[in-house]
Amino acid sequence: MFAVMKKELKTYFCSPVGYVFIGLFLIMFSIFFYVDVFQYGSTNFEYIFYSGATILTFITPILTMRTIAEERKNGTEQLLLTSPLSITKVVLGKFIAATIIVIITEICTFLYFGILSFFGTPHITTALVTLLGFLLLAVSYISFGILASSITENQIIAGVITIGFFILTWFLPNFSEVFTNFSLINMFSKFPTGQIDIADTVTYVTFTILCLLLTVIVMQRRKSVR
Amino acid sequence: MDFYGPNGAGKSTTMNMLTGYIEQTEGDIIIDGYDMLKRPKKAKKEIGYMPEGVPLYTDLTVKEFVTYMAEIKKVDKKTRKERVEKIIEQTGLKDVEKKLIKNLSRGYKQRVSMAGALVGEPKILILDEPTVGLDPKQITEIRNLIKELGKTHTVILSSHILSEVSQICNKVIIINKGKIVAIDTPENLENKVSNKNCIYVTVEDIENKMKDIKDKIKDINKLELIKENEDGTKEYMIESKEGIDLRKILFTELAKENITIFEMKKADSTLEEAFMKVIEGGNK
């Protein structure tokens with residue numbers, strides 16, 4: 001599992017993928033930071049993450065779309081599946097690697113926290129809760145991205161499915177109240193206010209586990225039906 | 001051991017099943033006493049697989065790739081580094097170990113793939129078309145490597161090239177449409193179908209006397225005109241009775257009849273013919 005994780009991290013940073021993800025996120029984040037701080041004169045670190053969640057919706061596929069689709073296309077999947085590693089460990093390795101990239105990104109955002117400390121007194125606990133919520137959101141996004149990557153050979157299709165699904169869950173509450181609790185991005189809204197909602201946390205975690213489990217099943221199924 | 005068959009016969013599929021990449025619908029695959037479905041970890045550890053088309057992680061360097069393969073093949077941490085070094089040495093990759101795989105030539109890629117298959121110290125080595133797309137020098141190198149490995153490992157390979165098979169394999173399995181049609185040593189397969197009693201002669205026969213030869217030499221079973229060449233010579237196939245070598249008598253008799261021999265050769269059956277026959281037989 002750690003071998004796969006290490007290799008995935010290596011490819012994130014040997015190819016532009018990792019830098020593009022972190023860079024793109026930070027650029028967008030900076031813009032929102034500028035708008036929040038200078039336009040509205042707020043020194044609230046947490047609220048920028050509402051916009052941050054929006055960014056995440058669009059850039060998660062950068063990390064996830066290649067994970068399994070590329071392996072299948074290049075045939076390197078054969079190397080993995082014929083090794084003594086179980087599929088679960090392969091999927092987990094890839095998942096953890098992508099999560100580490102998000103954690104690195106979050107650590108980078110502390111820079112803005114530092115800047116804000118000069119001008120005001122941002123609340124550190126609330127900030128940490130926000131980061132936790134953001135991580136949970138990212139983790140569920142990533143797991144869905146990996147699932148999308150496992151059902152197709154084409155990276156682009158995997159990416160489009162991922163973004164499509166995120167946007168769908170984002171706007172569904174606009175059509176009917178029923179979907180309010182199904183929207184991944186809406187669930188995030190409580191974290192920046194400093195509360196850890198157990199229901200939301202559990203939903204994120206179960207959604208992640210479900211997606212990873214489905215990925216394993218999809219890959220297992222491919223082995224027997226070909 | 002070699003897997004041989006026409007395109008689409010099921011060679012790669014069989015290999016994929018043996019290595020646990022896809023699951024079989026019927027029957028059991030037992031690798032060194034471990035069932036592939038029930039104890040996949042043990043079974044897969046005994047196998048080194050070099051898939052068709054040499055899939056590799058092109059973003060890694062040669063050394064990184066081989067190390068990665070060693071890791072996922074669960075090579076012991078203490079011996080891993082040595083093992084990787086040794087394999088790189090053995091496959092002749094020492095000079096390029098720090099290069100990115102995407103910058104390597106096809107021949108080197110093939111070797112990297114081979115190194116990846118070997119690094120887990122498998123007992124069984126499965127190679128899917130190991131020499132496709134290489135230049136003649138590289139082919140010889142890879143063949144020698146395989147021969148070398150054959151001394152210590154069980155090597156199963158699939159190939160389209162029959163000369164390769166007869167050179168490096170001591171057992172051939174010919175399959176067609178998913179069914180085994182023959183299992184034997186290359187020599188036996190050749191012998192099975194060979195026409196030892198056939199002689200091909202090319203002659204200049206101005207007076208058209210060749211037809212009469214059959215009556216003159218009693219041992220001839222059949223005499224057949226194969227083709228007429230542009231320079232006026234004719235090629236005949238002469239089949240004799242079992243166990244008789246006609247060449248000497250033909251030489252003297254034809255000279256008497258004023259027929260000039262341009263070329264005379266004994267039919268030499270190859271593995272190609274054996275293969276064709278077996279496959280045709282299977283199709284009927």
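Residue numbering restarts at 1 for every chain, and letters A, B, ... go by the order of the sequence lines.
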Taking the six-membered ring of B:Y57, is NZ or CZ of A:K7 closer than 6.0 Å to its centre and within 45° of its axis?
->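 Yes, A:K7 and B:Y57 form such a contact.
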Please name the pair of heavy atoms, one in [X] and one in [Y], separated by the smallest distance, quoted to 0.1 Å.
{"X": "B:P55", "Y": "A:N74", "value": "CB-O, 3.0 Å"}
{"X": "B:K44", "Y": "A:L81", "value": "NZ-O, 2.9 Å"}
{"X": "A:Q78", "Y": "B:P51", "value": "OE1-CB, 2.9 Å"}

Check the pair B:Y21 / A:L79 against side chain to side chain contact (heavy atoms under 4.5 Å, CB included), numbers first and verdict last.
-> CA-CA 9 Å; B:Y21 178 49; A:L79 299 176; over 6 Å; no
Under 4.5 Å from any heavy atom of chain B - which part of [X]:
{"X": "A:E70", "result": "neither"}
{"X": "A:V90", "result": "neither"}
{"X": "A:T76", "result": "both"}

[atom1] ([X]) with more than 12 external heavy atoms under 6.0 Å:
{"X": "B:K81", "atom1": "NZ", "result": "no"}
{"X": "A:K89", "atom1": "NZ", "result": "no"}
{"X": "A:F110", "atom1": "CZ", "result": "yes"}
{"X": "B:K42", "atom1": "NZ", "result": "no"}

Using non-hydrogen atoms and a 4.5 Å limit, figure out which bit of B:M36 sits close to chain A: side chain, backbone, both or neither.
->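 Interface part for B:M36: neither.
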Which atoms of B:L60 approach chain A - backbone, side chain, both or neither, heavy atom under 4.5 Å =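 For B:L60, the side chain is the part near chain A, not the backbone.
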So do the side chains of B:K74 and A:L85 get within less than 4.5 Å of each other, counting heavy atoms only?
->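 With C-beta onward as the side chain, the pair touches.
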So which of B:I72, B:T19, B:N16, B:I47 actually passes side-chain contact (heavy atoms from CB on, under 4.5 Å) with A:T82?
->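 Filter result, single survivor: B:T19.
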Do A:Q220 and B:E23 meet the criterion of a side-chain donor-acceptor pair at a distance under 3.5 Å?
->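 A pair is found: one side chain offers a donor N or O, the other an acceptor, under 3.5 Å apart.
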